[in-house]
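Note that the numbering runs from 1 along the sequence shown for the chain. Atom set for the values below is all heavy atoms of this structure, side chains included, hydrogens, waters and symmetry mates excluded.
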Amino acid sequence: MEVERKEWTLEEYVHGGVPTSRHLQLRTSTMGVSKDDVPDGHVLLRLRWLSVDPYLRARLGSQRDGLYFPPFELHKPVTTFGIGEVLETKHSNFNAGEMVLNTIAPVSEYCTVPADALRKIELGPDSGVSALDYLSALGIPGFAAWIGITVIGNPKPGENVFISAAAGGVGIVAGQLAKLKGCRVVGSVGSDAKVKFLKEEIGCDDAFNYNVETDYDAALSKFFPDGIDIYFDNVGGQMLEAVVNHLNTHARIPLCGMISQYNQVWTDRFGVRNLLNLVGKQARMEGFMLDWNRFGEFVEEMTGYIKQRKIVSKHEIYRGTESFLESIQSMFTSSNAGKVIIQVNDEAKA
């Protein structure tokens with residue numbers, strides 16, 4: 001038995017700017033979906049949900065600077081994190097009908113992957129956790145927020161925390177984690193609607209629209225009259241430079257990402273000019289990747305928060321595999337609020 005599937009491939013590396021149809025192309029092909037088509041130790045999946053994250057932009061270029069992710073191979077499928085249903089299996093740990101998290105999911109409807117790339121997930125009303133949670137608060141965005149806030153930021157009650165891109169998939173979770181630790185939290189976002197969302201739905205103490213408050217130094221003076229203890233950086237560039245002028249002694253800056261700089265070659269990126277302030281303030285600025293040795297600890301803590309509704313997520317849902325290019329382009333505008341996810345088909349249930 002064969003099925004037709006659509007699959008996104010990288011046809012040309014992106015050296016500057018936002019990915020376009022010149023770089024990413026949607027291909028149609030057929031694949032076998034019977035048990036005989038599955039190699040030993042592999043599992044055949046029908047994909048239901050796919051995660052779209054800013055780090056994918058780094059893998060669409062051929063250079064290894066910045067995030068140091070290995071680039072995708074040309075003329076090969078683009079992969080991401082996804083949730084799928086097991087259709088056929090040749091591995092004893094998995095059974096047909098189970099739902100799994102796939103760490104190397106192609107942007108497609110079907111795939112066959114090694115069993116070690118999969119993790120079973122428990123869904124349903126009794127679990128207290130939705131499929132979308134596994135790609136947001138319990139997925140890469142939540143893990144990044146947890147490492148940055150809990151491990152590197154090490155917040156103390158009463159400290160002042162600033163989060164850029166605070167309405168994105170990572171920023172939403174980071175802000176809530178800081179609030180749970182007893183901090184005062186302010187976020188920056190790209191629209192007045194997102195300001196309202198952060199204050200009314202996420203629980204931030206305050207927020208500002210950086211497209212209105214264009215003098216970042218003045219904005220930070222207004223929102224942080226007592227200085228900044230933790231800055232969770234998602235954007236880099238001019239915002240990072242402004243923050244460095246407002247740090248308190250022993251401030252911490254977890255560097256999660258710098259989305260304002262992703263679409264430029266390194267020689268064209270904004271250079272922060274006031275790093276000497278880190279010396280006088282005895283501050284620490286630390287980049288980080290995900291420490292998978294702590295993933296179990298993160299899952300245990302975050303699952304408790306989700307079940308108690310202490311951490312909530314917002315999702316920006318795109319429909320169908322065809323929407324991948326539009327969805328990845330959207331992350332470099334102010335249009336999205338929350339975690340960007342593709343619903344592969346109408347049968348996918350959150």
Side-chain angles (χ1 to χ4, degrees), residues 1-10 27 29-53 55-56 59 69-73 75-124 126-144 289-300 302-303 306 321 324 339 341-345 347-350:
M1 178 181 175
E2 290 190 334
V3 295
E4 183 177 273
R5 66 169 177 174
K6 296 180 288 294
E7 184 175 65
W8 284 91
T9 61
L10 178 63
R27 307 290 190 187
S29 63
T30 59
M31 70 174 288
V33 291
S34 66
K35 195 167 185 107
D36 291 339
D37 296 308
V38 181
D40 289 341
H42 286 63
V43 177
L44 170 66
L45 302 177
R46 183 176 186 184
L47 294 163
R48 301 295 191 183
W49 303 93
L50 295 168
S51 180
V52 183
D53 300 283
Y55 81 88
L56 293 174
R59 299 198 66 190
F69 286 119
F72 291 120
E73 292 184 52
H75 317 302
K76 296 292 181 68
V78 174
T79 60
T80 182
F81 283 70
I83 290 173
E85 178 186 356
V86 176
L87 296 182
E88 297 286 355
T89 175
K90 284 189 179 177
H91 193 283
S92 59
N93 288 350
F94 297 95
N95 298 301
E98 292 178 331
M99 299 299 291
V100 296
L101 177 67
N102 181 4
T103 60
I104 53 170
V107 183
S108 180
E109 296 100 339
Y110 298 89
C111 67
T112 300
V113 294
D116 61 8
L118 305 176
R119 182 168 68 90
K120 290 183 186 180
I121 58 176
E122 297 296 329
L123 300 176
D126 295 334
S127 71
V129 179
S130 74
L132 299 184
D133 286 326
Y134 283 100
L135 297 181
S136 51
L138 264 181
I140 295 299
F143 194 22
M289 302 295 279
L290 300 182
D291 181 358
W292 293 102
N293 292 321
R294 304 197 66 163
F295 188 68
E297 180 185 352
F298 152 73
V299 168
E300 182 178 1
M302 187 60 69
T303 300
I306 292 171
T321 312
F324 174 64
K339 175 72 183 73
I341 293 175
I342 294 174
Q343 181 180 358
V344 178
N345 52 64
E347 298 175 21
K349 295 180 181 179

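- Qualifying side chain to side chain contact (heavy atoms under 4.5 Å, CB included) partners for Ser51, counting only residues two or more places apart in sequence or in other chains: Asp53, Thr80, Phe81, Leu135, Lys339.
- Lys120 pairs by the salt bridge (charged side-chain N to carboxylate O under 4.0 Å, His left out) definition with Glu98, not counting sequence neighbours.
- Remark: Thr112 pairs with Met31, Val38, Pro39, His42, Leu44 by the side chain to side chain contact (heavy atoms under 4.5 Å, CB included) rule, at least two apart or across chains.
- Here Arg294 pairs with Glu297 under the side-chain hydrogen bond (donor to acceptor under 3.5 Å, both in side chains) rule; sequence neighbours left out.
- Within the 4.5 Å cutoff, no side-chain heavy atoms of Glu88 are placed close to those of Val33.
- Residues satisfying the side chain to side chain contact (heavy atoms under 4.5 Å, CB included) test with Ala115, not counting sequence neighbours, are Val43, His91, Phe94.
- Remark: Met99 CE to Arg46 CZ distance equals 10.5 Å, nearest 0.5 Å.
- Listed by chain and number, the residues in a salt bridge (charged side-chain N to carboxylate O under 4.0 Å, His left out) with Glu85 are Arg48 (sequence neighbours excluded).
- Distance check, rounded to the nearest 0.5 Å: OG1 of Thr79 to CD of Glu7 gives 10.0 Å.
- Summarising the geometry of Pro77 relative to Pro106, their closest heavy-atom pair is CB-CB, 4.2 Å, with the distance given to 0.1 Å.
- The shortest distance between side-chain heavy atoms of Leu118 and Leu45 falls below 4.5 Å.
- Contact check for Thr9 versus Phe72: no side-chain heavy atoms found under the 4.5 Å cut-off.
- If you take CG on Leu123 and CD1 on Ile83, they are separated by 6.5 Å, rounding to the nearest 0.5 Å.
- Side-chain atoms of Val86 and Asn95, non-hydrogen and from C-beta on, never get closer than 4.5 Å to each other.
- Rounded to the nearest 0.5 angstrom, Ile104 CD1 and Asp116 CG are separated by 7.5 Å.
- Take Asp37 and apply the side-chain hydrogen bond (donor to acceptor under 3.5 Å, both in side chains) test, not counting sequence neighbours, and it matches Ser34.
- The ring-ring contact (aromatic ring centres under 6.0 Å, His included) test applied to Phe143 returns Trp292, Phe295, Phe298, not counting sequence neighbours.
- Under the salt bridge (charged side-chain N to carboxylate O under 4.0 Å, His left out) criterion, Glu73 pairs with Lys76, not counting sequence neighbours.
- Considering every non-hydrogen atom in both Ser130 and Asp133, the closest pair reads N-OD2, 2.9 Å.
- For Thr103 (side chain) and Ala117 (main-chain N/O), a donor-acceptor pair under 3.5 Å exists by modelled atom type.
- With values rounded to the nearest 0.5 angstrom, Tyr134 atom OH is found 9.0 Å from Leu101 atom CG.
- Every residue two or more places apart in sequence or in another chain that forms a side chain to side chain contact (heavy atoms under 4.5 Å, CB included) with Ser127 is listed here: Val129.
- To the nearest 0.5 angstrom, Leu47 atom CG is 6.5 Å from Asn102 atom CG.
- Under the ring-ring contact (aromatic ring centres under 6.0 Å, His included) criterion, Phe324 pairs with Trp8, sequence neighbours left out.
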Problem set entry | Evaluation steps, side-chain contact (heavy atoms from CB on, under 4.5 Å), between Thr321 and Ile342 | CA-CA 7 Å; Thr321 312; Ile342 294 174; 5.6 Å; no
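- For the salt bridge (charged side-chain N to carboxylate O under 4.0 Å, His left out) test, residues two or more places apart in sequence or in another chain that qualify with Glu109 are Lys6.
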